[in-house]
Every structure is written in structure tokens, then in C-alpha cells.
Amino acid sequence: GELKKINQNKYKHKTQPEKRKQTMKIATLGSGNMARALAGQWARAGHSVFFGSRTAEKGKAVADEIGFGAQGGTNEDAMIQFQPDVILHTVRLSPKEFLSPSAAALLDGKTIIDLNNHDFPRPDPVKDLAGLSLAGAVQAAHPQSNVVKAYNTMAMEVFDHDPKDLRQLGVSAFIAGNDPNAVQTVSKLSDDLGLHPVPFGTLEQAWLLEAQGDFIRTLIFKDMDPMMTINARSIPKAASPLFERKQGTY
């Protein structure tokens, strides 16, 4: 479905969120549904946001739609003019495949959030998952960047919720990355979205998250329910266990 407009008018009847004392500069590469939903909420939370797109017209149109001071232009503009701290990567290609060398070089040292999944459905899903993950391919193409896999296990409609309301629902954001600081950055951004951050190991585990992307889309398409989510939580131990674990694995 098409994202409802995230702007001041939509939220005029709601309490505005408390602005973060420490804000980030966040650019999107691509300005489709998930970019608009995630970065739209980050703009609302007080972060500086730039929507990159294949054309300046589309990037600017999305920024105008979102409001909250968001800017827009081309993907090149997002890197060269805006110079972000964090990049939300929403294109299945590695950035160097569509950015100029000078723009791609600006990714060095930056946190790149890869939220991409494989096509679904597709002829041979197991073969795709057995190879290098999409996030791993981005890391291989940009070895000086800090790639983090996140946000690929939910549909954009989830973010029609106000973050305060979404937080009460306990939706998990699984986060896999090699750099602890980058993972912490994405955890903070997840909290701004109203998600419960769940560290998921290093980027070697990204293929499992991409498999989860297939899992959740199977459920979404089965009942055409884009609000289907994965909530991972630890429950309390039973006061009086009925069974004793013997030697073995989980």
C-alpha cells in the first residue's frame, strides 16, 4: 500500500515526540516505501534527513511530503552535499554500482543500514540464502564502511503507528553488524522508531535475517496482512519446572 503522508498535519492531533538531544544526519539511498516510512519517523524525532533518489525531482517530492525539515535530491546529492553520518540503503545493488567514485568514497567510516531482502517469491530461495548475504555483499564492496543488517523483517505499514504506541506492542528490530558502535547507533535509531532492538550477532548472521525476511513475507502474503511482525522476547522461568534438561543442545 502507499504510505500515508507523514507530515505535521497527520500528527497535529498527537503529542509531538520529545526531540533527541543528540541528533544524526541520515540519508537514504532510494526513496521508496521503507525509506519514506523509516526516515520519515526519524525526521519527526528531530534527526536531519535527506531523501536520495535516482532523480532530484523524486527526492525533493518525498522530502516535501514528509516535512519536518527533510531535504531531498539525487543519491549523489545525498552523499556529496548532505554528507550524512548514517546511510539507509534501500537498493539491492551495492552503492558503488550506482554512485560515482567520489560519492562512494564518502561511505568510508560511515554506518550503512541495509534493509534489503531477496525477491519474493523466487524460483530457488535456498540457493540465494546459501550464498553471500545482501548485506555481506555491501560490506565486501565497501570494506571501510560499517554495514548493519536491520529492518528487513517488517512492512512499512508498521510505521503508521506512533512510536510511543508501537513501543507498547514489542515489535523486534533484529540488528546484525561487525562494528559495536554501528550496532549501537542502529539500536538508538530503532528506539526512536518505537522498536525493541535485538542484537543478532555479526554480519555473518545476516543471511538468517534475510531468511526471516522470507518467513515474514510468507505470513504477510498468506493473509494479506502487512501488520504481521516478529516479536522476540525472553519469558520468565517457571516457578516450579516440570522437566529437567538433560545433556544436549537447544
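- With hydrophobic clusters built from ILVMFWY side chains whose heavy atoms lie under 4.5 angstrom apart, Met228 shares a cluster with Phe174.
- Between the OG atom of Ser145 and the CG atom of Asn178 there is a distance of 12.0 Å, given to the nearest 0.5 Å.
- Rounding to the nearest 0.5 Å places CZ of Phe51 at 14.5 Å from CG of Asp77.
- With a 4.5 Å cut-off on side-chain heavy atoms, Trp207 and Leu132 do not count as touching.
- One distance of note links NE2 of His196 with OG of Ser187; it measures 10.0 Å at 0.5 Å rounding.
- For the side-chain hydrogen bond (donor to acceptor under 3.5 Å, both in side chains) with His47, the qualifying choice from Thr23, Asp85, Asp192 is Asp192, the only one to do so.
- Between Ile113 and Leu189, some side-chain heavy-atom pair lies under the 4.5 Å cut-off.
- Applying the side-chain hydrogen bond (donor to acceptor under 3.5 Å, both in side chains) test to every pair with at least one member in residues 231-240, sequence neighbours left out, gives these pairs: Thr229-Asn231.
- Atom CG of Asn33 and atom OG1 of Thr90 lie 10.0 Å apart (nearest 0.5 Å).
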For the pair Asn116 and His89, evaluate side chain to side chain contact (heavy atoms under 4.5 Å, CB included) and give the outcome as yes or no after the intermediate values.
CA-CA 8 Å; Asn116 294 291; His89 180 50; 3.7 Å; yes
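- Lys188 has its side chain out of reach of Pro197: every pair of non-hydrogen atoms, C-beta onward, lies at least 4.5 Å apart.
- In Phe215, the CZ atom is not crowded: 12 or fewer heavy atoms of neighbouring residues, nucleotides or ligands sit closer than 6.0 Å.
- Considering only heavy atoms from C-beta on, Leu195 comes within 4.5 Å of Met154 through its side chain.
- In the displayed structure, Lys25 atom NZ is contacted under 6.0 Å by more than 12 heavy atoms of other residues, nucleotides or ligands.
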Test side chain to side chain contact (heavy atoms under 4.5 Å, CB included) on Ser172 and Val198 and set out the steps.
CA-CA 6 Å; Ser172 299; Val198 179; 3.9 Å; yes
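- What you find for Thr74 and Ala56 is that their closest heavy atoms are CG2-N, 3.5 Å.
- Rounded to the nearest 0.5 Å, atoms CD (Glu65) and CZ (Arg36) are 4.5 Å apart.
- Remark: side-chain polar atoms of Gln139 are paired, donor with acceptor, to backbone N or O of His142 under 3.5 angstrom.
- Atoms CG and CE, from Leu107 and Met79 in turn, are 4.0 Å apart once rounded to the nearest 0.5 Å.
- Linking Ile, Leu, Val, Met, Phe, Trp and Tyr whenever their side-chain heavy atoms come within less than 4.5 Å leaves Val147 and Leu208 in two separate clusters.
- Using a 4.5 Å cut-off on side-chain heavy atoms (C-beta onward), Thr185 and Val86 make contact.
- Within the 4.5 Å cutoff, the side chain of Arg92 has heavy atoms near those of the Asp119 side chain.
- Looking at every heavy atom in both residues, Val158 comes nearest to Leu166 through CG1-CD1, 3.8 Å.
- In this structure the side chain of Gln205 never reaches within 4.5 angstrom of the side chain of Glu210, judged on heavy atoms.
- Applying the side-chain hydrogen bond (donor to acceptor under 3.5 Å, both in side chains) definition to pairs two or more places apart or across chains, those involving residues 102-111 are Ser100-Ser102.
- When all heavy atoms of Leu115 and Met34 are compared, the closest pair comes out as CD2-CB, 4.1 Å.
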For Thr28 and Phe50, what are the C-alpha separation, side-chain angles and deciding distance, and is it a side chain to side chain contact (heavy atoms under 4.5 Å, CB included)?
CA-CA 6 Å; Thr28 73; Phe50 191 104; over 6 Å; no
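- The main-chain N or O of Phe82 is never found under 3.5 Å from a side-chain atom of Gln71 such that the two would form a donor-acceptor pair.
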Side chain to side chain contact (heavy atoms under 4.5 Å, CB included) between Met24 and Trp42: does it pass, once the steps are laid out?
CA-CA 9 Å; Met24 304 180 203; Trp42 287 326; over 6 Å; no
Output side-chain donor-acceptor pairs under 3.5 Å for residues 217-224, partner residues at least two apart or in another chain, one line each.
unit_1, atom_1, unit_2, atom_2, d
Arg217, NE, Gly213, O, 3.0
Arg217, NH1, His118, O, 2.8
Arg217, NH2, His118, O, 3.0
Arg217, NH2, Asp214, OD1, 2.8
Thr218, OG1, Asp214, O, 2.8

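- When all heavy atoms of Leu29 and Asn75 are compared, the closest pair comes out as CA-OD1, 3.4 Å.
- Under the 4.5 Å side-chain heavy-atom criterion for grouping Ile, Leu, Val, Met, Phe, Trp and Tyr, Val49 is connected to Val186 within one hydrophobic cluster.
- Side chain of Glu97 to backbone of Ser94: a donor-acceptor contact under 3.5 angstrom is found.
- Counting only heavy atoms from C-beta outward, the side chains of Ser190 and Ile175 approach each other to under 4.5 Å.
- Considering all non-hydrogen atoms of both residues, Ile66 and Phe68 come closest at O-CD1, 3.5 Å.
- Residues Leu88 and Ala35 share a closest heavy-atom pair of CD2-CA, 4.0 Å.
- Geometrically, Lys149 does not engage Phe200 in a cation-pi contact, judged by NZ or CZ lying under 6.0 Å from the ring centre and within 45° of the ring axis.
- By the criterion of side-chain heavy atoms lying less than 4.5 angstrom apart, applied directly or through intervening Ile, Leu, Val, Met, Phe, Trp or Tyr residues, Phe120 is not grouped with Leu129; the two fall into different hydrophobic clusters.
- In the hydrophobic clustering of this structure, Val138 does not group with Val148; members are Ile, Leu, Val, Met, Phe, Trp, Tyr whose side-chain heavy atoms approach within less than 4.5 Å, directly or through other members.
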